[in-house]
Amino acid sequence: MRALDEKETTMVFEKLFKFTGPNLKHLLERPSVEGPDPQPGRYCLRLHKNRVYYASESLVRRATAVARPRLAGVGTPIGKFTHGGSFHLTVHALDLLAAHARRRVWLKPDTERSFLFGNSVPKSSLARITENTKANDGVVVMSMADVPLGFGIAARSAQDCRKADTNAVVVLHQADAGEYLRREEELM
């Protein structure tokens, strides 16, 4: 396990910034609540086996006692680097994104299942959308009970959604909570 280099850090921060915006600083600067240390540390990003982990500094220090081949992971896995070198957020990052997201989309209760099966969101499924959403912004998809279901990329702005056809795609699917069941082997 090692710290991310400058290029990797830039790629991760660009992807997280797409969803959190200026709230990204709150993600890393918040004090950690884990560990028996009297001084709460901060959270950091670490790379292990092409996966990026979000963990407290206290937990990272304790993980150094474990040999790298035996270490499965530390903290919350938020994404992975592909063989081609690009970074992809995984469904594990959903809780972090939901807590710090700038833009959200709420689905009608009867259409949540379609999104959880991996489909993109059409306008007919849309209940609400954050007012200042622009095309290509990262959005967190929520149920009407404010439960985060997944995240994706806005295909249209909030103003364009009003004029769009009912079958027009509003949010392009990236990850959802249903992946825990569909892709169980790949995620771990």
Side-chain angles (χ1 to χ4, degrees), residues 8-24 26-27 45 50-54 73 75-188:
E8 293 166 341
T9 303
T10 303
M11 292 171 73
V12 172
F13 281 174
E14 283 175 355
K15 190 69 81 163
L16 288 173
F17 187 81
K18 192 170 198 165
F19 289 91
T20 62
N23 295 336
L24 178 61
H26 301 300
L27 194 67
L45 298 172
N50 286 338
R51 295 197 182 273
V52 177
Y53 292 89
Y54 175 79
T76 305
I78 62 166
K80 63 181 182 178
F81 283 98
T82 63
H83 295 293
S86 61
F87 178 73
H88 293 283
L89 287 170
T90 59
V91 69
H92 303 101
L94 180 58
D95 289 336
L96 292 172
L97 294 178
H100 300 283
R102 247 189 333 183
R103 295 178 176 88
R104 292 180 172 87
V105 167
W106 288 266
L107 300 182
K108 295 177 182 174
D110 55 331
T111 60
E112 293 170 6
R113 182 178 285 179
S114 175
F115 180 75
L116 291 174
F117 285 158
N119 298 320
S120 294
V121 178
K123 182 189 174 196
S124 60
S125 299
L126 199 64
R128 280 188 348 215
I129 186 169
T130 305
E131 196 58 38
N132 58 353
T133 304
K134 298 178 186 72
N136 299 319
D137 280 346
V139 294
V140 174
V141 179
M142 312 281 282
S143 70
M144 287 304 290
D146 283 335
V147 175
L149 301 174
F151 55 90
I153 301 296
R156 299 173 185 274
S157 67
Q159 288 76 21
D160 290 344
C161 289
R162 291 188 185 97
K163 302 176 224 166
D165 184 43
T166 56
N167 292 328
V169 174
V170 175
V171 176
L172 300 171
H173 177 273
Q174 279 198 333
D176 64 77
E179 287 183 26
Y180 284 115
L181 299 174
R182 290 194 314 269
R183 298 176 44 201
E184 188 176 2
E185 298 293 323
E186 287 179 42
L187 292 176
M188 296 303 157

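One-based numbering along the sequence shown.
At least one side-chain heavy atom of K18 sits under 4.5 Å from a side-chain heavy atom of I153. Residues F81 and V12 have side chains in contact (heavy-atom distance under 4.5 Å, counting atoms from C-beta outward). Using a 4.5 Å cut-off on side-chain heavy atoms (C-beta onward), V139 and T133 make contact. Looking at W106 and T130, their side chains come closer than 4.5 Å, going by heavy atoms from C-beta outward. At a threshold of 4.5 Å between non-hydrogen side-chain atoms, the residues D176 and V91 do not count as touching. For the pair L89/L97, a side-chain contact is recorded, criterion being any heavy-atom separation below 4.5 Å from C-beta on.
Shortest non-hydrogen contact noted between H100 and L27 is CD2-CD1, 3.3 Å. The shortest non-hydrogen separation linking T82 to H88 is CG2-CD2, 2.9 Å. Nearest heavy atoms, A135 versus A155: CB-O, 4.0 Å. For E112 against S143, the heavy-atom pair with the smallest separation is OE2-CB, 3.0 Å. Among all heavy-atom pairs drawn from P122 and T166, the shortest one is CB-O, 4.1 Å. Residues P77 and G75 come closest through the heavy atom pair CD-O, 3.6 Å.
L126 CG to C161 SG: the interatomic distance, rounded to the nearest 0.5 Å, is 6.0 Å. Distance CG/L45 to CD1/I78: 5.0 Å, rounded to 0.5 Å. Distance CE/M144 to CG/D110: 11.5 Å, rounded to 0.5 Å. Between atom CZ of residue R104 and atom CZ of residue R128 there is a gap of 10.0 Å, rounded to the nearest 0.5 Å. Once rounded to the nearest 0.5 Å, the distance linking OG1 of T20 with NZ of K15 reads 13.0 Å. The distance from atom CG of L172 to atom CD of Q174, rounded to the nearest 0.5 Å, is 8.0 Å.
Checked by atom type and distance alone, the side chain of Y54 never pairs as donor or acceptor with a backbone atom of L96 at under 3.5 Å. The backbone N or O of A154 lies less than 3.5 Å from no partner atom in the side chain of K134, so there is not a single donor-acceptor pair. Judged purely by atom type and a 3.5 angstrom limit, S124 has no side-chain atom pairing as donor or acceptor with the backbone of N167.
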Before giving the answer on side chain to side chain contact (heavy atoms under 4.5 Å, CB included), spell out for H173 and S120 the whole-Å C-alpha distance, their side-chain angles and the decisive distance to 0.1 Å.
CA-CA 5 Å; H173 177 273; S120 294; 3.9 Å; yes
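Each of R103, R162, R102 was checked for a salt bridge (Lys or Arg N to Asp or Glu O under 4.0 Å) with E131, and the lone residue meeting it is R162.
Taking the six-membered ring where tryptophan is involved, the planes of F151 and F19 are perpendicular, since the angle between them exceeds 60° and thus also 30°.
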